2 protein chains.
Amino acid sequence: MKRPTMKDVARAAGVSPMTVSRVVSGDAGTSPGTAAKVEQAVRKLGYQRNDNARHLRQKNPGTSTIGLVVDDLANPFYALMARSVEDEAHRRGYVVLVGSTNDEPRREREVIAAFTARQVDGLIIVPTVGGHAFLKQPMASGTRVVCVDRPAEGLAVDTVTVDNRVGARRAVTHLLDRGHTRIAYLGDRREIWTQAERHGGYLDALTARGISMDPDLVRHGLRSPAQVAAALLSLRAVTDPPTAVFTSNDLITLGVLDGLERPTPMAIVGFDDLPLADRLNPPLTVVSQDPLALGWTAASLLFSRIEGIPSAPRDVVLLTHLIVRSSGEFHGPGRDPA
Amino acid sequence: MKRPTMKDVARAAGVSPMTVSRVVSGDAGTSPGTAAKVEQAVRKLGYQRNDNARHLRQKNPGTSTIGLVVDDLANPFYALMARSVEDEAHRRGYVVLVGSTNDEPRREREVIAAFTARQVDGLIIVPTVGGHAFLKQPMASGTRVVCVDRPAEGLAVDTVTVDNRVGARRAVTHLLDRGHTRIAYLGDRREIWTQAERHGGYLDALTARGISMDPDLVRHGLRSPAQVAAALLSLRAVTDPPTAVFTSNDLITLGVLDGLERPTPMAIVGFDDLPLADRLNPPLTVVSQDPLALGWTAASLLFSRIEGIPSAPRDVVLLTHLIVRSSGEFHGPGRDPA
DNA sequence: TTGAAAGCGCTAACAA
DNA sequence: TTGTTAGCGCTTTCAA
């Protein structure tokens with residue numbers, strides 16, 4: 001019932017615990033004969049080394065454990081990122097603790113505290129909206145930190161993001177090119193950095209064409225399908241309603257699609273690609289980013305820090321792509337389904 | 001640079017390490033005055049307790065860490081499950097180590113070994129195809145195990161699955177009811193329990209109608225979009241080609257949709273619901289299961305075991321639902337797009 | 001090649 | 001209320 005320890009193995013093999021340690025850890029300096037005896041005892045008892053105890057004593061620092069803290073693991077975007085991080089970690093012999101913050105600073109702090117208490121060597125985090133000075137303590141005592149998707153307020157660390165603003169601008173410009181002038185913006189909380197950036201790109205595009213922003217067409221803080229549905233409804237009720245909408249993340253795009261008849265009576269371009277996007281009617285035009293690349297880049301950065309590579313914090317910006325399908329086309333009122 | 005220890009705090013506060021331990025762990029028996037001194041020293045040094053060391057000594061066993069081992073964390077289905085497990089774990093003050101097996105027994109063993117070496121209290125696993133007797137050792141030494149999505153070969157543990165066979169049978173029967181008699185089966189490796197079950201359900205449905213299975217219409221082992229595309233192509237080339245296809249998981253459904261013109265020239269019913277499934281042309285009929293419920297059930301089972309609740313291994317079977325949209329309808333050859 | 005002693009950071013058990 | 005001693009399971013260091 002209790003786990004066997006090295007002492008148990010030592011007794012069974014008739015050697016000292018130190019010899020067991022050497023054999024189990026593959027250190028040199030044991031005769032083949034003794035090694036065989038020890039290995040047999042290990043098998044017989046079902047012994048496995050306790051790595052927590054090991055890391056406590058071992059001079060070579062580190063637990064070969066990292067923590068990954070995302071907004072929501074169930075979001076396909078973060079799921080892909082997580083898989084990518086995990087693959088790289090596994091390749092290097094690390095395991096990964098994972099946690100979702102739900103974008104709540106309090107939960108983020110709880111999760112991070114639980115991870116650092118377990119002596120993770122590093123942390124890859126998608127920071128929530130609040131300040132992150134609380135990370136300075138663990139960093140000072142050796143925990144490496146990399147931010148991904150968004151930068152952390154008040155914290156100078158390696159950060160991997162995409163060109164959100166450019167991507168959003170491109171999306172909205174695409175809509176303008178198709179003849180739309182009444183373009184709505186639907187986004188999550190603007191306190192979230194990516195959302196602020198994308199909203200900025202929306203404004204950039206309008207400004208470049210000399211179109212003044214109409215506050216009636218902008219909705220922030222959409223975090224649930226119900227909120228998206230409500231926003232959409234209210235949008236269609238304004239005088240001179242929008243002919244197109246730019247949606248600032250995948251969940252909002254999904255929400256809008258759910259709230260619209262088919263074929264879509266409003267043009268739409270969304271941030272984040274979606275499976276099946278090309279099989280909708282009309283096929284969905286999107287700004288796509290590569291979550292696997294984000295995850296891999298963040299992991300690589302983290303591991304090079306853990307391995308002791310110094311230098312000032314780096315900012316890596318990956319590129320987005322506008323995938324033009326056809327949901328951005330302009331259709332006059334009274335459009336007939338094709 | 002080095003992490004401060006209790007000794008450091010003790011020195012800074014002018015007390016013994018034991019007193020620090022009591023304050024930090026919220027144990028009774030320290031005067032408010034000393035507690036305040038200690039807390040101040042903790043803040044000044046940025047001290048955080050090393051929980052690995054703590055768990056090593058603490059009589060109360062357990063590390064408040066569990067491991068979650070899935071086939072592929074990037075698969076939305078497992079991502080949802082993971083989130084659900086993580087939520088329940090967080091609610092109970094546990095953290096979760098996560099790993100993907102890619103359905104490779106070797107990687108599964110590596111991941112599980114890395115987890116047990118870190119003294120996880122329990123494991124929730126989606127077992128790969130191989131035998132799992134190797135789990136008996138950790139189980140004997142106290143690691144609790146729950147299987148989810150599929151049972152583990154040669155291992156009697158709590159298991160949470162869905163009624164795969166019934167669901168598949170319902171899907172195929174739905175197709176038969178719509179007048180199809182030439183129905184193809186596209187599945188992943190049949191060694192995977194869920195796939196064998198679903199294939200069984202497919203056979204059940206045919207048998208119930210006295211239709212004999214045509215081996216030309218059955219493809220196993222589809223694990224990539226390319227393989228699915230190839231299978232689809234070869235299917236359409238057989239004499240008397242199928243008018244409908246039953247796809248045995250979400251990835252295969254996606255692959256088939258990608259390989260088909262629009263509107264779909266072949267009826268299709270898939271296992272697993274998909275976002276946007278209802279907005280396709282035609283809307284996709286599916287057998288849906290609830291990954292959140294699977295995750296939550298597995299987690300609840302695991303935690304009750306960890307808390308010491310005994311009893312013989314339990315098998316929990318959750319229900320699937322046929323969501324009828326319209327991709328199952330029968331259309332003669334030469335069908336005109338609507 | 002092997003083992004004994006000490007100690008990693010913490011807490012159980014006891015003593016003051 | 002506080003501190004001392006011992007020891008969790010392991011590895012370092014040094015001696016045999």
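Computation of the quantities below employed the complete heavy-atom set of this structure, encompassing side-chain atoms and omitting hydrogens, waters and symmetry-equivalent molecules. These figures come from a predicted structure and were not determined experimentally.
For the pair A:Ser25 and D:dT11, the criterion of a side-chain N or O lying under 4.0 Å from OP1 or OP2 is met. Phosphate proximity of D:dT11 to A:Ser21: present, with a side-chain N or O under 4.0 Å from OP1 or OP2. Of the side-chain N and O atoms in B:Thr30, none sit less than 4.0 angstrom from OP1 or OP2 of D:dT2. Within the 4.0 Å cut-off from OP1 or OP2 of C:dG9, at least one side-chain nitrogen or oxygen of B:Lys2 is found. Contact annotation: A:Thr5 does not reach the phosphate of D:dC8 (side-chain N/O to OP1 or OP2, under 4.0 Å). Distances shorter than 4.0 Å separate some side-chain N or O of B:Ser31 from OP1 or OP2 on D:dT2. Regarding contacts with the backbone of C:dT1, every side-chain N or O of A:Thr19 stays at 4.0 angstrom or more from both OP1 and OP2.
Residue A:Asp27 contributes atom CG, which lies 12 Å from atom P of D:dT13 at whole-angstrom precision. In this structure, the NE2 atom of B:His55 is 11 Å from the P atom of C:dA12, given to the nearest Å. As a whole-Å value, the separation of B:Lys7 NZ from C:dT11 P is 14 Å. Nucleotide D:dC8 holds its P atom 19 Å from the CG atom of A:Asp51, rounded to whole Å. Between A:Arg54 atom CZ and C:dG9 atom P there is a gap of 17 Å when expressed in whole angstrom units. The separation between B:Met6 atom CE and C:dT11 atom C1' is 8 Å, rounded to whole Å. Here the C1' atom of nucleotide D:dC10 and the CD atom of B:Gln119 are 11 Å apart, to the nearest Å. In this structure, A:Asn50 places its CG atom 16 Å from P of C:dG9, rounding to the nearest Å.
Nearest to the side-chain atoms of B:Arg57 among the listed nucleotides C:dT2, D:dG9, D:dG7 stands D:dG7. The listed nucleotides are C:dT1, D:dT13, C:dC10; the one nearest the side chain of A:Thr34 is C:dT1. Taking every side-chain heavy atom of A:Lys59 into account, D:dT12 is the closest of D:dT12, D:dT2, C:dG9.
Looking at heavy-atom distances under 4.0 Å, A:Arg22 makes contact with a base.
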### Task
With side chain to side chain donor-acceptor pair (under 3.5 Å) as the test, would you mind laying out the steps for A:Thr65 and B:Arg118 before giving the verdict?
CA-CA 10 Å; A:Thr65 304; B:Arg118 285 170 180 75; 3.0 Å; yes
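By the 6.0 Å contact criterion, CZ on A:Arg92 is enclosed, its count of non-hydrogen atoms from other residues, nucleotides or ligands being greater than 12. No more than 12 heavy-atom neighbours from other residues, nucleotides or ligands sit within 6.0 angstrom of CH2 on B:Trp296.
Summarising the geometry, atom OG1 belonging to A:Thr116 is positioned 12.0 Å from atom CG belonging to A:Asp121; distances are rounded to the nearest 0.5 Å.
Salt bridge B:Asp188/B:Arg223: present, at least one basic N to carboxylate O contact under 4.0 Å. B:Glu39 has no carboxylate O lying under 4.0 Å from a charged side-chain N of B:Arg43, or vice versa, which leaves the two without a salt bridge.
Both B:Pro32 and B:Gln58 lie near DNA chain D, and the one whose nearest nucleotide falls closer to the 5' end is B:Pro32. Checking A:Leu56 against B:Val15, the closest nucleotide of DNA chain D that is more toward the 5' end is the one next to B:Val15.
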